[in-house]
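Beneath this line is the structure, given in structure tokens, with notes to follow.
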Amino acid sequence: MRSAAALAAVFGGLALMAAAAGATDRNVILVTLDGVRIQELFSGMDPLIAASGADSGIYEIDVTRARYWRESARERREALMPFFWGTLVPAGMVLGNQALGSKVTVRNPLWFSYPGYAEMLTGEPQPDVQSNDFVRYPHETVLDYIHRTLRLKPTEIAQFGSWDGFRMAASQRDGTFFMNGAYDPVPAGLSTPEMDYLVALRRQVMEQWEESSNDALTFRLALAYLMQNQPKVLWLGLGQSDDWAHARRYDRLLDYLHLADDFLEELWRTLQSLDQYRDRTTLIITTDHGRGRTPQDWVEHDTGIEGSQDIWIAIIGPDTPALGEASGHPDVTQSDIAATMLQYLGLDHRDFSPDGGPPIPGSLKPRE
Ligand SMILES: [Zn+2]
């Protein structure tokens, strides 16, 4: 007769296999919108900036007001991001509205992009990341960990982004999985004529700063890759929200957020139309840092510019409760995003990073 210990080992093994099998049908997609403040996300067009005259960077105030100004903050945010507020949040959750007692902050003290993405993807602030320089750091990222632990093919994890910093932050090594920077081609074998065309267009469409490519093209490229190669995990890094803000063009920033809302809608509807993704895909949307709170400093972000530490996180998916807009929620940080991604794949964040942030409280439905 088998010993109880042997039986326990057999059943324990079966349970592990079941957990792994359960996890294998899940996908996770991370979308980052660079430097989007909680003010616009939760309240739409900012009354302080709208009233600040020449400082606002609004060229035609009547046009911008007609598009985005409404009497209440709730109406303004729905005018700005109708899919996000009308469809995504009611079916999922969004954290970070401090007026409702939900606070999300970054833990790194620098409050700009690379330190933020490093914290997000490794589960803790990384003190050696001190600049936005395009270098890799020897920290295993959550994408590296998923690739290694689930033994995925290199094409099954994909990163697309409009800035080369995203490609660098994605992995500790070149070539671990599919990574695509601001102007990179998609290799033959993974590409399609549509992708080749988008890559060519990316090189022609001049972006505001030479470092970045156009988000609409990056979005289309990522979507085409997703349909062709069906990655299990995708990180899409978009950047023009940060660009328009740095340029002090509040009108263009609002137009961009409205466009980003269209991207989210198209992405979500595409996912729900494909067997590989329908009802088995979690979409996490967040930002790397906030920005200043005043009409003078909303354009900037960095250590010392108060407000730059304030961020937000939205989640929709089959394993996320329909909590809507979180209120009276425990404080959450950027360090908690990696563990939250792992929980949706059935992976243990403590194995990834013993000292890293935990999964976001209340972000996983109780098992049925
Ligand atoms: Zn910036």
Side-chain angles (χ1 to χ4, degrees), residues 30-42 46 48-49 52 55-58 80 96 104-121 125-126 128-135 137 159-170 181-183 206-219 235-260 263 285-313 333-334 337:
L30 173 67
V31 176
T32 52
L33 303 173
D34 200 293
V36 173
R37 304 192 311 163
I38 58 173
Q39 285 83 350
E40 280 71 41
L41 193 85
F42 291 103
D46 185 332
L48 292 177
I49 296 174
S52 66
D55 277 350
S56 70
I58 299 174
L80 185 64
V104 188
T105 51
V106 303
R107 282 172 61 207
N108 76 77
L110 298 178
W111 305 353
F112 59 87
S113 286
Y114 204 143
Y117 293 110
E119 178 180 342
M120 189 187 300
L121 294 169
Q126 297 295 346
D128 54 344
V129 180
Q130 292 282 328
S131 78
N132 276 342
D133 293 349
F134 297 150
V135 291
Y137 294 87
Q159 171 270 321
F160 280 89
S162 300
W163 179 56
D164 284 342
F166 299 129
R167 189 185 62 195
M168 291 298 163
Y183 295 102
M206 286 182 67
E207 206 24 66
Q208 201 166 355
W209 316 111
E210 57 272 37
E211 277 187 356
S212 299
S213 54
N214 182 276
D215 279 348
L217 298 173
T218 299
F219 170 72
W235 173 28
L236 170 61
L238 300 177
Q240 284 179 275
S241 33
D242 193 62
D243 297 344
W244 288 121
H246 281 301
R248 197 179 280 281
R249 284 297 302 268
Y250 197 65
D251 46 2
R252 300 293 275 164
L253 171 64
L254 296 180
D255 285 342
Y256 174 81
L257 291 174
H258 195 65
L259 175 65
F263 296 156
I285 308 156
T286 186
T287 191
D288 54 331
H289 55 74
R291 327 188 71 83
R293 298 177 180 134
T294 71
Q296 289 70 43
D297 68 9
W298 67 272
V299 296
E300 300 297 345
H301 56 88
D302 238 328
T303 311
I305 300 178
E306 284 301 315
S308 308
Q309 70 272 50
D310 298 331
I311 61 166
W312 49 271
I313 302 169
T333 78
Q334 188 166 53
I337 293 170

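Just so we're clear, the structure is a prediction, and the values are computed from it rather than from any experiment. Counting convention: from 1, in listed order, for ligands and their atoms alike. We use all heavy atoms of the structure for the numbers below, so side chains are in, but hydrogens, waters and symmetry mates are not. Positions are given from 1, in the same order as the sequence printed here.
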Can you list the residues that meet the ring pair (Phe, Tyr, Trp, His ring centres under 6.0 Å) rule with Phe166, with sequence neighbours excluded?
Tyr117, Trp163, Trp235
For Asp243, is there an ion pair with Arg249 - N to carboxylate O distance below 4.0 angstrom?
no
Below the 2.8 Å mark, what number of protein N, O or S atoms do you get around the Zn ion (ligand 1)?
4
Applying side-chain contact (heavy atoms from CB on, under 4.5 Å) to Asp164 and not counting sequence neighbours gives Phe134, Arg167, Ala182
Ser113-Asp34 side chain donor-acceptor pair, cut-off 3.5 Å:
yes
Worked check of salt bridge (charged side-chain N to carboxylate O under 4.0 Å, His left out) between Asp310 and Arg291
CA-CA 8 Å; Asp310 298 331; Arg291 327 188 71 83; over 6 Å; no
With Tyr250, which residues qualify under ring pair (Phe, Tyr, Trp, His ring centres under 6.0 Å), at least two apart?
Trp298
